Amino acid sequence: MKKNKHMSKVVNRDILNQVLLHFGCSLNNSTVAPLGNGLINQTYLVRNINAVFVLQCINKNVFKSPEQVIDNAELINEHLLTKKSLNNYPLESISQLLNNDKSPMVIINGDYWRAIQYIPNCYTVESVTTTEQAQQVGTAFAQFTAALSDFPAESLAEIIPDFHNLSFRIKQLRAAINKDGVNRLDSCQSIVDFCLAQHDFINEVATITSQLPIHVTHNDTKINNLLFSSNTKKPIAVIDLDTCMPGYLMHDFGDMVRTCCSNLPEDGKNIDDMSVRMDIFTALINAYIVSFGDKMTSLEQESLIIGAQLLPLMIGVRFLTDYLDGDNYFHVDHHEHNLDRAKNQMHLYKLLNANKAELANMINQPVQTEEATV
Ligand code: GN1
Ligand code: MG
């Protein structure tokens with residue numbers, strides 16, 4: 001089982017059993033296995049003779065009001081189900097299950113648990129290897145946000161305020177630098193200096209942000225947040241609605257670029273070997289624009305290139321801040337894990353920033369067959 005030191009407790013069998021009883025089963029008649037690679041929540045697959053479902057303990061350190069995460073998911077699912085019934089949403093929506101008290105949430109010892117429908121004959125993909133997969137990622141997340149374009153965004157709770165606000169993330173970094181609570185500043189001074197020197201880009205982001213329309217965005221658009229059908233090998237659902245909030249299209253697109261277009265994982269250490277997979281980028285951007293259709297304004301289209309640079313910088317700043325804070329937020333496997341991630345994402349930002357003109361030229365281009373790198 002993966003552990004975060006900030007998770008309230010390591011889950012013991014007694015607690016797990018109490019939670020299961022609320023969903024009509026117990027540890028006596030069920031198997032419970034860890035599921036997925038998320039850095040934040042604890043997720044399990046529960047199987048028994050009557051049911052298979054996903055069980056999740058929501059991380060209270062990250063999600064200060066876990067009930068809002070659950071309420072938002074209910075509202076979004078309801079909207080998507082309506083769209084689907086009108087043939088206006090091609091994917092499935094995944095429901096949260098009601099417990100014995102007809103509520104989607106169980107609170108045990110102050111921890112918030114929920115059960116989520118398990119879809120059989122599906123699989124997840126950890127990283128993009130083909131341009132076809134990149135097209136599928138761009139298309140599925142565009143369909144998701146487009147289907148929510150007439151959803152009243154103001155009815156959603158802002159789960160994590162300023163989640164993708166770069167100026168705010170830089171402020172958090174400055175606070176961590178000033179505190180230097182675990183004496184790590186010396187070991188990352190040069191990367192700190194690099195982040196704080198990005199004024200021009202920070203201003204560019206602030207200027208375009210003030211002109212962009214708000215959408216309900218997913219804010220964690222990795223390929224492993226899609227469920228693929230074992231039959232068709234195509235995405236059938238967008239999952240992990242935890243950070244669905246009012247936001248900008250460039251955030252979702254930028255997160256796709258940062259998680260799909262690097263040849264290295266986000267914690268890969270051999271950053272001198274990093275390259276941007278231009279064929280994947282071309283497939284992503286064109287699928288995203290085409291699938292959104294005329295709902296995307298020309299300024300939003302332009303903003304996608306800024307988003308592609310913004311998200312690696314944003315998460316790089318977040319990883320660096322967590323490193324300076326002593327690893328309180330993200331799960332880490334080793335002492336320098338957050339620093340490795342920060343260096344990796346900052347390098348990706350540099351590569352994307354240095355090649356933004358070439359990236360912009362990829363809009364409306366056919367997908368290249370051979371791998372080009374920048
Ligand atoms: C966290 O736990 P996971 O993988 O769903 C984080 C994302 C980061 C990601 C980096 C709520 O998501 O913003 O991009 O780690 N989620 C939150 O791997 O902070
Ligand atoms: Mg997530």
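Here the structure is a predicted model, which is why all the values come from computation and not from measurement. In each ligand, atom 1 is the first atom listed, and ligand 1 is the first ligand listed.
Ordered by chain and number, D220 OD2, D240 OD2 make up the set of protein N, O or S atoms under 2.8 Å of the Mg ion (ligand 2).
For the pair V62 and ligand 1, the shortest N or O to N or O distance does not fall below 3.5 Å. At a 3.5 angstrom cut-off on N or O pairs, D220 counts as close to ligand 1. Looking at ligand 1, you'll find an N or O of E266 within less than 3.5 Å of one of its N or O atoms. Looking at ligand 1, you won't find any N or O of T243 less than 3.5 Å from one of its N or O atoms.
Among protein heavy atoms, the minimum distance from atom 16 (N) of ligand 1 is reached at I40 CG1, 3.9 Å. Nearest protein heavy-atom neighbour of atom 17 (C) of ligand 1: Y329 OH, 3.4 Å. Closest protein heavy atom to atom 8 (C) of ligand 1: I315 CD1, 3.6 Å. Scanning all protein heavy atoms for the shortest distance to atom 6 (C) of ligand 1 gives F330 CE2, 4.0 Å. What sits closest to atom 15 (O) of ligand 1 on the protein, heavy atoms only, is L39 CD1, 3.6 Å.
The stretch residues 288-316 participates, sequence neighbours left out, in these ring pair (Phe, Tyr, Trp, His ring centres under 6.0 Å) pairs: H215-F292, F253-Y288, Y288-F292.
With N165 contributing its side chain and S167 its backbone, the two residues share a donor-acceptor pair below 3.5 Å. Listed for the D71 side chain is no donor-acceptor partner under 3.5 Å among the backbone atoms of P66.
N41 and N59 share no side-chain donor-acceptor pair at under 3.5 Å. Side-chain contact annotation: E126 with N224, donor-acceptor N/O pair under 3.5 Å present.
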Trace of the ring-ring contact (aromatic ring centres under 6.0 Å, His included) decision for F63 with Y112: CA-CA 10 Å; F63 300 110; Y112 288 69; over 10 Å; no
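Contact between K222 and ligand 1 is present, with at least one heavy atom of the residue lying under 4.0 Å from the ligand. Using a non-hydrogen distance threshold of 4.0 Å, R258 registers as a contact of ligand 1.
Taking a cutoff of 4.0 Å between a charged side-chain nitrogen and a carboxylate oxygen, D267 and K269 do not qualify as a salt bridge. Ion pairing between R258 and D255 holds under the 4.0 Å rule for side-chain N and carboxylate O. Salt-bridge formation is not detected for the pair R174/D180: no Lys NZ or Arg NE/NH1/NH2 atom is positioned less than 4.0 Å from an Asp or Glu carboxylate oxygen.
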Scan the side chains in residues 154-161 for donor-acceptor partners under 3.5 Å anywhere in the protein, sequence neighbours excluded, and list what turns up.
residue	atom	partner	partner atom	Å
S155	OG	P152	O	2.7
E158	OE2	D162	N	3.4

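Under the rule for a salt bridge (Lys or Arg N to Asp or Glu O under 4.0 Å), D252 has no partner lying at least two apart in sequence or in another chain.
Residue contacts with ligand 1 for N41 are absent, since no atom lies close enough (heavy atoms, distance under 4.0 Å).
Aromatic ring pairs are classed by plane angle as parallel below 30°, tilted from 30° to 60° and perpendicular above 60°; the pair F151 and H79 is perpendicular.
Set against the non-hydrogen atoms of R318, the atoms of ligand 1 under 4.0 Å away are 13 (O), 17 (C), 19 (O). Close approach of ligand 1 to F63 (heavy-atom distance below 4.0 Å) involves ligand atoms 11 (C).
Each of H335, H334, R184 was checked for a side-chain hydrogen bond (donor to acceptor under 3.5 Å, both in side chains) with D327, and the lone residue meeting it is R184.
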